[in-house]
Each structure stands twice: as structure tokens, then as C-alpha cells.
Amino acid sequence: MALPVNPPQPPRTLRSVADLLAAGLITPAQAPALENVAQHYATAIPPAFADLIETPDDPIGRQVIPDAAECHADPTEDPDPIGDDALSPVPGIVHRYADRALLKPLLVCPLYCRFCFRREHVGPGGGVLDEAALETALDWLRTHPDIHEVVMTGGDPLMLSARRMRVIMQALEEMAHIHTIRIHSRVPVADPERLDEEMAAALETTRSMWLVAHINHARELTPAARAAIRRVQARAIPVLGQSVLLRGVNDTPEALEALLRAQVAARIRPYYLHQLDPAPGTARFHVPIREGQRLLASLRGRVTGIAWPTYVLDIPGGHGKVPIGPDYLHTGPDGRLVALAPDGTQHPLAREQG
């Protein structure tokens with residue numbers, strides 16, 4: 001008599017030190033220190049993202065596999081590096097700029113990046129705003145007619161059910177002063193199957209809708225990720241790309257160029273290249289600003305302007321984002337402006353006075 005054969009189990013998200021050991025992504029010697037990390041910060045690596053890891057310290061693994069260094073905070077680091085907490089009038093809302101506000105309906109992500117500036121807050125216990133808290137957040141938006149743009153973030157808004165997303169979209173549509181909605185998400189590359197036709201349909205709105213996909217390395221744009229993004233683009237929703245400049249991930253001209261080109265090839269307009277926010281235990285990812293400026297400058301003239309992101313710093317303390325890209329204008333000794341060309345040559349501007 002043949003013995004029953006158990007069907008193969010579908011791959012599941014790696015969430016624990018034991019899961020990482022079983023997947024061969026850490027060694028037994030690393031496990032005790034990483035159990036300590038797990039007391040502070042969540043781990044989640046969905047199958048689609050885990051499949052991209054070739055070695056634990058490659059540009060994919062480095063972003064998501066925990067490291068003992070995370071428990072060693074530098075004096076320059078801050079649990080709330082961009083001042084979200086101080087600028088939150090009600091749970092789920094952050095109001096930093098006059099004409100827009102963040103709506104954070106949940107603090108759960110498909111994967112937990114080891115450099116995240118909200119790493120002190122996000123995780124499985126972060127949960128979803130309950131009905132009362134969500135209504136309070138929406139009421140705050142309803143009663144602030146100077147808010148014209150809502151940026152949905154978290155956590156990751158695409159971790160919501162399609163039904164709940166439709167509820168939020170309908171509520172925002174009913175606010176005449178809300179003209180633009182942005183959704184920032186890691187789902188398209190981290191767990192692309194979650195961005196299915198039902199979720200894509202839930203994003204449809206009469207408002208100006210934008211999806212901003214967080215992508216840090218060209219290899220993240222797999223065929224499945226591009227298919228998920230196309231489901232959104234097919235509904236006339238433009239997709240922007242945002243990335244964080246990360247040591248060992250995209251901090252070479254070759255890696256950054258490949259990332260920008262991969263986004264444009266997927267009809268994604270590179271939007272922001274973020275300077276790393278100094279969250280606790282993230283020093284191993286830090287790239288100095290001057291180095292970042294030189295890195296971008298090395299690509300000027302090599303990649304199309306369509307692929308050129310704005311390099312930004314979120315000033316610690318909640319003072320907002322400012323562009324920090326390379327400066328191509330200088331004042332010469334005669335007071336005239338001098339333009340620096342991509343090849344390094346300098347050219348005085350005859351008609352422009354400094």
C-alpha cells in the first residue's frame with residue numbers, strides 16, 4: 001500500500017531567526033546576536049524577495065537580513081529622525097507641509113528593510129487603524145481644506161485589503177479639496193502578487209492618483225514586479241520610483257545607473273533618491289552626502305534626464321525635504337555665473353550676472 005504523499009507547502013515569508021537559519025541566510029554562530037535584534041526590530045522577507053538573494057551580503061540580502069550591528073546606535077542617530085511623532089495631530093496623520101498630509105492607515109509592511117526610518121514603529125504589532133481611529137484621521141482631513149494632497153504611507157498601504165482601500169479612496173474622493181493622492185509602497189517589488197487586479201481596481205479614482213514604488217536595486221524589478229506595476233499603469237495611474245542611497249546596495253555608478261535605467265524601462269519615472277535617514281543601528285548603510293553628490297554627477301550626460309532623480313535630504317527634526325544634488329553653477333571671480341558641464345569644463349554665462 002502506497003504511503004500518502006504530503007503536498008509541497010507553498011513558500012512562506014521568513015519571519016524568525018529559525019526561518020533565516022533554515023533558508024541558509026545566516027549561520028548558527030550569528031543566531032544568538034540576531035535573536036537580540038529580533039527583540040527590537042521585526043523581520044519579514046516574502047518569497048518573491050527571498051528568491052532574489054544570491055548571498056546574504058549581496059545588494060538584496062543586505063537590505064533585509066538582520067545584522068547584529070542594528071543594536072549599536074550611533075550618537076547621531078534618532079528613533080524619530082524626521083519628526084513624524086511631533087507632527088502627528090491625530091493617530092494616522094502627519095502634517096509637515098502646508099498643502100499636504102500623510103495618511104498612515106497601518107504600520108505593517110510586506111518586508112522590513114533594515115535601514116527603515118520608521119523601524120522603531122513598524123512591525124506585526126503595529127496593526128491597522130481601527131474603524132474609529134481611521135474615521136478620526138479622515139475627519140481631520142475633512143476639516144482641513146488647505147490640504148490638497150494626501151500621501152498614503154505607513155507601513156505599506158498596499159497591505160490593506162482591496163475592500164478597505166476602496167473605503168479610504170471613496171472617503172478621499174468625497175473631499176472636494178483633495179486633488180491629489182499618492183501611495184508609497186514596497187509591495188510591487190516585495191510581494192507583487194498582492195498587487196493583483198482587484199487591488200489595482202481599488203486604486204481607481206477621479207482624483208490625480210500616483211503610485212510611488214520603493215526600489216533600491218535593478219534586480220528588484222523582476223518580471224512579476226513589472227507585471228504588477230503594469231496592472232496599475234493600465235488604469236492610467238502613473239508610477240514614480242523612489243530609492244534610498246545605501247552603502248553596498250546602489251552606491252556605485254554602475255549600480256545606480258542600472259537602477260535608474262531599469263525603472264525607465266518599466267515606465268517608472270525616478271522621483272527621489274533619498275539620503276539615508278539616521279535611524280538607530282543603520283550606520284552600515286550610510287553614504288556621505290558629498291559622496292552621493294559625486295556619484296550622481298558621474299552619471300550626468302550618461303543617462304537620460306528622464307532617469308534623473310532629485311537627490312533629497314529629509315532634515316532631521318521634521319523640517320522637511322530639501323534637494324542636495326550636485327551644483328552646476330558657480331560664481332566666477334568677475335561676478336559672472338559659471339556653468340559646469342558634464343565633462344568637467346567650465347563655461348561663463350555671458351548674459352547672466354551673479
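Position 1 is the first residue of the sequence; numbering continues from there. Computed from heavy atoms alone, side chains included, the values below leave out hydrogens, waters and symmetry copies.
- Atoms CG and OG1, from Leu172 and Thr205 in turn, are 8.0 Å apart once rounded to the nearest 0.5 Å.
- Of all the heavy atoms in Val187 and Asp156, the pair that sits closest is N-OD2, 3.3 Å.
- Ion pairing between a basic and an acidic side chain is recognised when a charged N comes within 4.0 Å of a carboxylate O; Arg231 and Glu198 show no such pairing.
- Between Glu220 and Arg186 a salt bridge is recorded (basic side-chain N to carboxylate O distance below 4.0 Å).
- At distances below 3.5 Å, at least one donor-acceptor pair connects side-chain atoms of Asp251 with backbone N or O atoms of Gly248.
- Looking at Arg284 and His286, their side chains never bring a donor and an acceptor atom within 3.5 Å of each other.
- The main-chain N or O of Pro59 is found under 3.5 Å from a side-chain atom of Gln63 such that the two form a donor-acceptor pair.
- A salt bridge links Arg219 to Asp58: one of the charged nitrogens lies within less than 4.0 Å of a carboxylate oxygen.
- Surrounding CD of Glu193 are at most 12 heavy atoms belonging to other residues, nucleotides or ligands under 6.0 Å away.
- Between the CG atom in Leu313 and the CD1 atom in Ile324 there is a gap of 5.0 Å [rounded to 0.5 Å].
- With respect to the salt-bridge test (charged N to carboxylate O, under 4.0 angstrom), the residues Arg12 and Asp19 qualify.
- Distance check, rounded to the nearest 0.5 Å: CE of Met175 to CD of Glu173 gives 11.0 Å.
- Once rounded to the nearest 0.5 Å, the distance linking CG of Asp191 with SG of Cys109 reads 12.0 Å.
- Figure legend: Arg62 and Phe115 shown without cation-pi pairing, the cationic atom not lying both under 6.0 angstrom from the six-membered ring centre and within 45 degrees of its axis.
- For the residue pair Asp74/Thr76, the side-chain donor-acceptor check at 3.5 Å is satisfied.
- Evaluated for a side chain to side chain contact (heavy atoms under 4.5 Å, CB included) with Pro288, the options Gln293, Gln275, Arg247 yield exactly one hit, Arg247.
- For residues 36-80, there are no ring pair (Phe, Tyr, Trp, His ring centres under 6.0 Å) pairs, not counting sequence neighbours.
- Between the side chains of Glu149 and His179, no donor-acceptor pair is found at a separation under 3.5 Å.
- Under the side-chain hydrogen bond (donor to acceptor under 3.5 Å, both in side chains) criterion, the residue pairs touching residues 253-270 are Glu257-Arg261, Glu257-Arg302, with sequence neighbours excluded.
- Distance alone, capped at 3.5 Å, is enough to place a donor-acceptor pair between the Asn250 side chain and the Val244 backbone.
- Note: Trp140 and His95 have perpendicular aromatic rings, judged against thresholds of 30 and 60 degrees for the angle between ring planes.
- For the residue pair Asp146/His148, the side-chain donor-acceptor check at 3.5 Å is not satisfied.
- A donor-acceptor pair under 3.5 Å is formed between the side chain of Thr143 and the backbone N or O of Asp139.
- Taking CG from Asp343 and CZ from Arg300, the interatomic distance works out to 13.0 Å, rounded to the nearest 0.5 Å.
- Under the 4.0 Å criterion applied to side-chain N and carboxylate O atoms, Glu70 and Arg114 are assigned as salt-bridge partners.
- Remark: the backbone N or O of Asp80 is paired with a side-chain donor or acceptor of Asp78 at under 3.5 angstrom.
- In this structure, the side chain of Thr345 does not engage the main chain of Ala341 through any donor-acceptor pair within 3.5 Å.
- The CE atom of Met199 sits 8.5 Å away from the CZ atom of Arg166 when rounded to the nearest 0.5 Å.
- Every residue two or more places apart in sequence or in another chain was checked for a salt bridge (charged side-chain N to carboxylate O under 4.0 Å, His left out) with Glu35, and none qualifies.
- Checking side-chain atoms of Arg118 against main-chain N and O of Gly155 turns up no donor-acceptor pair under 3.5 Å.
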